[in-house]
Amino acid sequence: MSNQVRVRLAPSPTGYLHLGTLRVALYNYAYAKKNKGSFILRIEDTDQNRLVTDAVENIISTLKTIGVDFDEGPNKGGNFGPYVQSERLDIYKKYIDELVNKGFAYHCFCDKETLDEMRAKQIAKKEDPKYDRRCLKLSKEEVQARIERGDSYVIRLRMPNDRVFAFDDAIRGLVEINSNQVDDQVILKSDGFPTYHLAACVDDHLMEISHVFRGEEWISSTPKHLWLYECLGWQAPKFVHLPLIMNTDHSKLSKRKNDVSVENYLQKGYPVAAIINYIALIGWHTADDREFFSLEDLCQEFSLERVNKANGVFDIVKLNWMAGMYIREMSDMDLAEKCRPYFIKAGYDVSDENKFLAVMDNAKDRISCYSEAIEHSKMFYEDLIITEEDKEILAQEESQMVLKYFIENADNIPWGDKEELGLFIKAGSKELAIKGKKYFFPLRISLFGSSHGPDIPKLFAILGKEETIKRMETVLH
RNA sequence: GACCCCUUCGUCUAGUGGUUAGGACUCAAGAUUUUCAUUCUUGCAACAGGGGUUCGAUUCCCCUAGGGGUCGCCA
C-alpha cells in the first residue's frame, strides 16, 4: 500500500447534506489538500428503505456550491469505481462468500420476531442483548436445504470471543474494546444488500483509503471493522473519529431542534464562506486567536493534531454574528447580486439599480443572511403601515411643519449629494427651531413607517425625490 | 444497565508544572449617531469534585461525578 493520502466522504442518501457531514467533508477535503492527497465521494446507499429521491443530487450540488470538489466519485469517475455502493453488489458478494467459506461468517435464518424475543429475554435477565448464535449450530446441509427451500436469511460476521481489539485513533490515541461487547453483526441483509460495516470496509480497502474520517458514534463498532479487515487479510486504514456536533441542550444535533441541512442555510442566504468558516471551527482551531478562515486557509492550516476530542455545540447565534461579518465585508454591488433573487421572489420591483444599491447599503449592517434583507427593506417597496401611536406623532403641529418644510423645499434639496443632504437637513432643524425627536421622528415615520431606523439622509437617498415627497404628502393634513 | 469516548467562562476555544488563566460569541455599561443598526471601549463570566505525585498543580496519575456515544437485517 502506498503512503498516499486518500480520504473519502461517504454519506448515505437518506436526506440532504447534513451540517455534520459538511464538517466531515471540510476536514477530509482540507486534509487531502494539505497532504496532496485525493478526496473521494462515495455514496452509501445500502439501505434501500430510507433512500430520499433527490438526496444524491443535493449532496453533490451542495458540495459544489460549498467549493469542496472531489477527485473521484459519481458522475466524475476514477480508477476505483463505481462510487455508488448499490452498483458494487457483486464485489461485496465475492468477499461475503469468502468470509463464509473461511468460517468467519455464517447464515442466520432468525426472523425479526425471534430476534425481538431474544433481546427482550436477555434484557429481562439483565444480560447484554446479543445474537445467541443459534444459527451457528446449523449444519452445512441444513443451511443448504433451507436456502434451497427459499427461506429468508442474513449473513453474520462471527466475532471472536474474549479478544481485545485495539486501534490507534488519530484523534483519541489508543482505544481498546473487548470483542465480548460486540455482537455478531449482520453483514448481508435478507434483501441481498450488504450492511454499512461490510460495504464500507470492502470499499475503503479497494479504494485504498488511507484515513477514515467519521463521527464518534462509530467508535464502538470499529472492532467489527478491524476484525473484518483481519479476516480478509487486509490492513486497516487509520481511523479518525471526530467529535459530534450537538444541539444547544447537548443532545446529538437533530432535525427536531435545529435546521440540520446545509441546504436550509443556503436557501436562507447565509454566505457560503461563513457557513464553511463557522462549521469548521466546531472542533478545530489553530493555536492563535484567529477565527476567520476561508476554505483555502483551511486547506493550509488544517491538522489532525488540533482537532478537539470533546463534542461541540452548534450555536446559531455565533453563526449569525459570523455571517453578518462576512456580509458587512461585501460591496453593495455583490450584496445586491445575492439579494436580488429574494426580492424578486417577494414581488418587489428592483429594476431601479441605484435605489436597490442604497437599500443594500442600509440592509448590510442589519442582516445575517440574504433573505433577511427583505424585512429590513420592504418599507422601501411597499406602502407603509403606521401605528396609531406614530400617527399621533405625525398629527402634531410641529410634525406637520417639518413635513411642509421639506415638501415646499423639494426643489432646493441636494438629493444627489449625501454630505450636502445631511447639511441641508441639519439646517432645516435650525430654521424651523425644531430639534431632536420632534424634528426627526416625523421624518422617519413618514418615510420609513417607524420612529427607529436608518438615518434620514439615508432614507432620502434610498427613496429619491419623488417618493420622498410623495410619502410626506400622504401624511400631510 | 454494560461498554467506549469526553470534561477550561452559558457557547466556540487558547494555554502552561509557577500566567492577573488569553481570545471570540452572548450579556451589561459607556462612547459615536437625532433614533435603530453598525463600529469602538470597558466590564461580567471558566480550569467538574476528591485524592495523590511534586517545593508547586488547571496542566501528570487514580477515583468519583456529570455529559455524550453504542448496544438494529440504519448509517
Side-chain angles (χ1 to χ4, degrees), chain A residues 10-15 21 44-47 49-50 108 110-112 115-116 119 122-123 126-131 152-156 169 171-173 175-178 180-183 185-197 199-200 214-223 241 243-244 246 248-252 278 281-292 306 308-322 324-325 328 362-367 376 425-426 429 435-441 443-445 448 450-456 458:
Chain A
S12 64
T14 53
T21 314
E44 310 222 321
D45 57 347
T46 53
D47 185 347
N49 301 317
R50 294 203 308 156
C108 170
C110 296
D111 58 17
K112 191 179 181 301
L115 294 170
D116 286 347
R119 254 191 291 275
Q122 287 164 333
I123 290 167
K126 304 228 179 227
E127 290 169 6
D128 290 344
K130 253 168 87 175
Y131 183 60
S152 175
Y153 68 89
V154 302
I155 290 178
R156 289 179 182 274
D169 191 275
I171 310 291
R172 289 150 218 284
V175 178
E176 294 181 343
I177 298 174
N178 190 296
N180 293 347
Q181 294 295 324
V182 186
D183 204 353
Q185 180 63 230
V186 170
I187 55 174
L188 181 75
K189 298 182 271 190
S190 55
D191 65 358
F193 279 78
T195 57
Y196 167 87
H197 307 277
R214 41 151 68 152
E216 186 192 66
E217 74 263 32
W218 289 105
I219 290 180
S220 29
S221 38
T222 304
H241 287 108
L244 268 17
M246 317 298 274
T248 315
D249 64 0
H250 290 96
S251 57
K252 195 172 162 183
Y278 177 71
L281 254 35
I282 304 178
W284 176 83
H285 210 273
T286 45
D288 49 29
D289 289 336
R290 168 134 92 127
E291 54 183 350
F292 285 95
R306 297 204 60 86
N308 281 124
K309 294 179 172 75
N311 295 163
V313 170
F314 174 77
D315 182 9
I316 187 76
V317 176
K318 187 146 187 181
L319 201 213
N320 284 153
W321 166 78
M322 184 168 270
M325 291 296 278
R328 272 165 249 138
N362 171 62
K364 202 193 262 182
D365 290 342
R366 304 164 188 274
I367 60 175
H376 293 283
I425 291 164
K426 269 197 181 131
S429 172
K435 54 185 179 177
K437 286 183 182 179
K438 301 225 176 237
Y439 182 70
F440 291 101
F441 277 15
L443 291 173
R444 191 171 294 109
I445 293 168
F448 186 71
S450 166
S451 55
H452 300 294
D455 295 346
I456 304 300
K458 226 173 212 185

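Bear in mind the structure is a predicted one, so any value in this text is a computation, not a measurement.
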Check every strand shown and say whether A/Lys364 touches a base, only sugar-phosphate, or nothing at a heavy-atom separation below 4.0 Å. nothing
Has the side chain of A/Asp288 got a donor or acceptor atom that lies under 3.5 Å from a matching backbone atom of A/Arg290? yes
Got A/Lys426 and A/Tyr439 here, is their nearest side-chain heavy-atom distance under 4.5 Å? no
Phosphate OP1/OP2 of B/G72 contacted by A/Arg119 side-chain N/O (<4.0 Å): yes
Partner set under side-chain contact (heavy atoms from CB on, under 4.5 Å) for A/Arg366, not counting sequence neighbours: A/Asn362, A/His376, A/Pro454
Take atom P in B/C62 and the same atom in B/C5, then report the distance between them in whole Å. 12 Å
At under 4.0 Å between heavy atoms, what does A/Val154 touch on the DNA or RNA strands: base, sugar-phosphate, or nothing? base
Ignoring hydrogens, what is the shortest heavy-atom contact between A/Ser221 and A/His197? Give both atom names and the distance. CB-CE1, 3.8 Å
From B/C5, B/C36, B/A75, pick the nucleotide closest to the side chain of A/Trp218? B/A75
Looking for any heavy atom pair under 4.0 Å, which part of the strands does A/Ser12 touch: base, sugar-phosphate only, or nothing? sugar-phosphate
Side chain to side chain, A/Val175 and A/Thr222, heavy atoms closer than 4.5 Å: no
Have a look at A/Pro11 and say if it touches a base, only the backbone sugar-phosphate, or nothing, with a 4.0 Å heavy-atom cut-off. nothing
Would you mind classifying the nucleic acid contact of A/Arg50 as base, sugar-phosphate or nothing, using non-hydrogen atoms under 4.0 angstrom? base
Indicate the atoms forming the closest heavy-atom contact of A/Lys309 with A/Glu216, along with that distance. O-OE2, 4.2 Å
I'd like a list of close polar pairs between nucleotides 12-15 of chain B and the protein, N/O only, cut-off under 3.5 Å.
from  : atom 1 : to       : atom 2 : distance (Å)
B/C12 : OP1    : A/Val313 : N      : 3.0
B/C12 : O2'    : A/Leu281 : O      : 3.0
B/U13 : OP1    : A/Gly283 : N      : 2.3
B/U13 : O2'    : A/His285 : ND1    : 3.4
B/A14 : OP1    : A/Arg306 : NH2    : 3.4
B/A14 : O3'    : A/Arg306 : NH2    : 3.3
B/A14 : O2'    : A/Ala287 : O      : 2.9
B/G15 : OP1    : A/Arg306 : NH1    : 3.1
B/G15 : OP1    : A/Arg306 : NH2    : 3.4

Say we look at B/G22 and B/U58: how far apart would their P atoms be, to the nearest angstrom? 16 Å
Of the nucleotides B/U26, B/G72, B/U38, which one has an atom closest to the side chain of A/Asp365? B/U38
For A/Trp321 and B/C25, is the gap between ring centres under 5.5 Å while the planes differ by less than 30°? no
Heavy-atom closest pair (A/Cys108 atom, A/Arg156 atom, distance to 0.1 Å) is SG-NE, 3.3 Å
Counting side-chain heavy atoms from C-beta on, which of B/A75, B/C4, B/U70 comes nearest to A/Ile219? B/C4
Measuring to OP1 and OP2 of B/A75, would you say a side-chain N or O of A/Thr46 lies under 4.0 angstrom away? yes
Between B/U39, B/U35, B/A75, which nucleotide has the shortest distance from any of its atoms to the side chain of A/Phe441? B/U35
All N/O contacts under 3.5 Å from nucleotides 1-3 of chain B to the protein, with atom names and distances to one decimal?
from : atom 1 : to       : atom 2 : distance (Å)
B/A2 : O2'    : A/Gln181 : NE2    : 3.4
B/C3 : O4'    : A/Gln181 : OE1    : 3.1

Base, sugar-phosphate alone, or nothing: which one does A/Ile187 contact when heavy atoms must sit under 4.0 Å apart? nothing
Heavy-atom closest contact (A/Phe448 atom, A/Gly453 atom, distance): CE2-CA, 3.9 Å
Nearest-Å distance once atom P is located in both B/C6 and B/G10: 22 Å
Determine the Euclidean distance between corresponding C1' atoms of B/A46 and B/A14; express it in Å to zero decimal places. 13 Å
Looking across every strand, which nucleic acid part, if any, lies under 4.0 Å from A/Arg328 by heavy atom: base, sugar-phosphate, or nothing? sugar-phosphate
Look at all strands and tell whether A/Met246 reaches a base, only sugar-phosphate, or nothing, counting heavy atoms closer than 4.0 Å. sugar-phosphate
Decide if atom NZ of A/Lys438 counts as having more than 12 heavy atoms of other residues, nucleotides or ligands within a radius under 6.0 Å. no
Pairwise P distance for B/G43 and B/C60, with rounding to whole Å: 30 Å
B/U34 phosphate, OP1 or OP2: any side-chain N/O from A/Lys438 under 4.0 angstrom? no
Check: A/Asp128 and A/Asn180 side chains under 4.5 Å, non-hydrogen atoms: no
